[in-house]
Amino acid sequence: MSMEKSSEYYNVADIFGENVFNDSVMRERLPKKVYQRLKDIIRGGKELDLATADVIAHEMKEWAIEKGATHYTHWFQPLTGVTAEKHDSFITAPMENGKVLMSFSGKELIKGEPDASSFPSGGLRATFEARGYTAWDCTSPAFVRQDAAGATLCIPTAFCSYTGEALDQKTPLLRSMEAVNKQALRLIRLFGNTSSQKVTASVGPEQEYFIVDREKYLKRKDLIFTGRTLFGAMPPKGQEMDDHYFGSIRERIAAYMRDVNKELWKLGVSAKTQHNEVAPAQHELAPIYDSANVAVDHNQLVMETLKKVAGRHGLQCLLHEKPFAGVNGSGKHNNWSITTDDGINLLDPGVTPHENFQFLLVLTCMLKAVDIHADLLRESAADVGNDHRLGANEAPPAIISVFLGEQLEDVLTQLISTGEATHSIKGSKLETGVKTLPDFMKDATDRNRTSPFAFTGNKFEFRMLGSQDSIAQPNVVLNTIVAEAFAEACDVLENADDFELALHDLIKKNATEHQKIVFNGNGYSDEWVEEARRRGLPNIKSMVDAIPALNTEKSVKLFEKFGVFTKAELDSRVEIEYETYAKEINIEAKAMIDIAGKQIIPAVIKYTTVLANSISAVKAACNADVSAQTELLTEVSALLAETRNALTKLEQITEEGSTIGEGREQAVFYRDHVMAAMEALRAPVDKLEMIVDKDMWPMPSYGDLIFEV
Ligand code: ADP
Ligand code: MG
């Protein structure tokens with residue numbers, strides 16, 4: 001085996017986490033006392049002191065320098081949807097001998113002060129009050145990232161304003177994890193659990209993405225500027241089925257995936273499954289689940305890595321929710337469960353009757369939480385790109401419902417096996433045999449791929465998320481609404497004279513009152529839309545209509561009760577979301593204007609010139625029939641005129657939109673008027689693409705992009 005060859009093969013166990021300042025590195029390198037203290041801090045038992053931070057910072061720096069690191073950065077997630085970082089090198093002022101020292105203090109580890117004025121704050125912090133702080137999150141391990149910029153020590157941090165308001169994704173996430181921890185501990189204590197010390201929300205996100213050829217990508221300004229195609233006719237059927245092609249696609253993508261996995265493993269991201277998705281050129285990657293906080297950070301790393309590695313392979317990764325109209329979009333499935341520090345998954349049916357009733361309480365609390373706060377869950381999955389996937393023309397309805405199906409049957413079967421309860425399945429009803437339980441409607445199929453919120457054995461899978469969005473907010477909402485349902489249950493049960501009786505009553509009450517959120521049928525059908533309306537379930541079709549859920553009285557009460565968001569923080573997020581919506585659509589509109597005006601119209605004019613010349617040339621040469629050319633010319637000219645008019649209209653309407661003040665009114669205008677004008681421009685252009693000579697069309701087609709990777 002040649003040297004080159006052997007370096008291509010490696011043992012995953014050897015490289016896994018090699019660039020992470022993880023528990024084993026800390027145990028090895030930190031003085032025992034400091035290590036113990038840090039563990040206590042991570043567990044939430046103690047506060048971090050500067051002396052401890054100094055020791056940790058020093059060791060972290062030494063370790064990072066061994067990995068080649070020259071800089072460190074506080075790595076954080078402002079409300080821009082992507083991560084932010086400001087790099088500082090480790091060097092200190094040169095000494096007398098002209099050499100430099102490499103230093104990193106505890107203060108530098110725990111607190112950063114980026115010039116925060118240019119991050120979105122939704123009015124929480126005026127631009128002249130630029131002060132914002134990043135604070136070390138010791139629950140998510142630091143790592144060294146190696147890339148073209150060299151090696152950098154990345155320290156996961158939270159990002160807050162001078163007055164402590166959250167300006168990021170992580171702060172509310174950590175707060176919500178504390179909330180669900182506290183209430184879940186209360187709940188399990190009621191069932192006699194005295195050993196578990198902590199309950200953690202665990203998350204495993206499945207990430208979908210598209211891969212296209214980078215050279216072709218670079219010829220599409222729409223993809224470059226907006227991440228999605230703003231024009232593009234559907235490819236003719238059949239061309240995707242070429243076997244030879246398929247072989248070469250797999251080689252190239254496989255090499256890419258291999259590289260992605262290696263990068264992620266080095267960063268301690270447990271990339272586990274990968275496969276092709278429904279659409280051509282679409283793929284999926286899922287890591288093994290981790291604590292919600294680490295999972296959120298790792299998902300950012302997954303997205304960054306997918307993009308970065310693609311470049312090395314001459315590929316481009318598209319994370320947009322709907323890069324191609326008429327082709328399946330991309331989402332994320334957020335698998336969520338809650339587990340104690342001694343390994344008890346509260347969504348696991350368990351094996352003793354005791355635990356089964358605990359499970360039934362947890363399950364029915366979740367039904368209650370999801371039913372009451374369906375609007376918030378829907379909102380948490382909203383981003384501009386996801387509007388094409390939820391409630392839109394080609395998309396399933398945006399109704400939140402819960403699938404229990406066969407998985408619940410398993411849960412209840414286990415109840416029988418303990419001898420505590422019996423059940424029977426009759427017709428389409430699941431009769432539990434537990435008197436206190438209502439009979440659930442049961443679906444005959446074992447899996448339901450159309451449910452937005454599905455129970456899958458020992459976890460819930462929230463399937464509405466967009467592929468490019470942070471998964472933080474959905475988990476903030478999940479943690480908090482479940483904390484509320486648990487708290488309300490505990491309030492009742494802690495004061496009950498007869499615990500068993502009160503428990504039975506409560507399970508029944510929760511299940512009965514919130515059964516309307518359970519739906520096991522086809523969530524994509526028109527009948528369901530009708531049925532959901534009858535049940536009074538919200539069907540919120542666009543991000544603009546989802547946003548108000550964030551700061552309703554109900555939402556403010558919920559989030560303030562558990563210290564997750566203040567009203568001011570919620571108001572600021574509402575503002576940011578409206579701004580983001582209008583801004584992104586504005587960029588799309590401008591990109592369309594640019595492409596139509598500078599690329600498409602000139603190309604079509606060239607084509608009409610060729611046609612016209614051909615007509616006169618044929619006429620001059622002989623008196624043959626030129627009706628085909630003439631008809632084509634007429635048709636193309638008409639479409640060209642339509643394009644030109646639509647372009648003018650879009651220019652006007654976009655101009656008008658940009659003069660409206662930022663906020664709801666502007667967002668509504670962009671959705672109702674600018675988007676409509678964009679569609680009106682796209683329609684004739686897509687027709688033209690089908691007619692105009694392929695060699696003259698100024699950009700690669702859908703077929704070129706999707707099938708020729
Ligand atoms: P599917 O059949 O839906 O693909 P998988 O078993 O592949 O389900 O799991 C998908 C994701 O769910 C993975 O990231 C996995 O680690 C995660 N997952 C599995 N069990 C749990 C759990 N108890 N809590 C949270 N996430 C989980
Ligand atoms: Mg899945």
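Counting starts at 1 for both ligands and their atoms, following the listed order.
- The shortest N/O to N/O separation between Asn335 and ligand 1 falls below 3.5 Å.
- Aromatic ring orientation, Tyr256 versus Tyr209: perpendicular (interplanar angle above 60°, classes split at 30° and 60°).
- With hydrogens and angles left out, the side-chain atoms of Lys332 and Asn299 include a donor and acceptor closer than 3.5 Å.
- Note: His320 and His388 have tilted aromatic rings, judged against thresholds of 30 and 60 degrees for the angle between ring planes.
- Counting only non-hydrogen atoms, the option in Glu461, Lys459, His333 that gets closest to atom 8 (O) of ligand 1 is Lys459.
- Defined by atom type and a distance below 3.5 Å, a donor-acceptor pair is present between the side-chain atoms of Glu484 and His373.
- Here is the list of ligand 1 atoms found below 4.0 Å of a heavy atom in Ile288: 16 (O).
- Contacts between Asn345 and ligand 1 below 4.0 angstrom, taking non-hydrogen atoms only, involve the side chain exclusively.
- Taking only nitrogen or oxygen atoms, main chain and side chain alike, Thr273 does not reach within less than 3.5 Å of ligand 1.
- By the 3.5 Å distance cut-off applied to N or O atoms, Ala286 is not counted among the residues near ligand 1.
- In this structure, a donor-acceptor pair under 3.5 Å is absent between the side chains of Glu461 and Asn334.
- Geometrically, ligand 1 and Ser202 share no nitrogen or oxygen pair separated by less than 3.5 Å.
- At a threshold of 4.0 Å, the pair Glu513-Lys509 counts as salt-bridged, since one of the basic side-chain nitrogens sits closer than that to a carboxylate oxygen.
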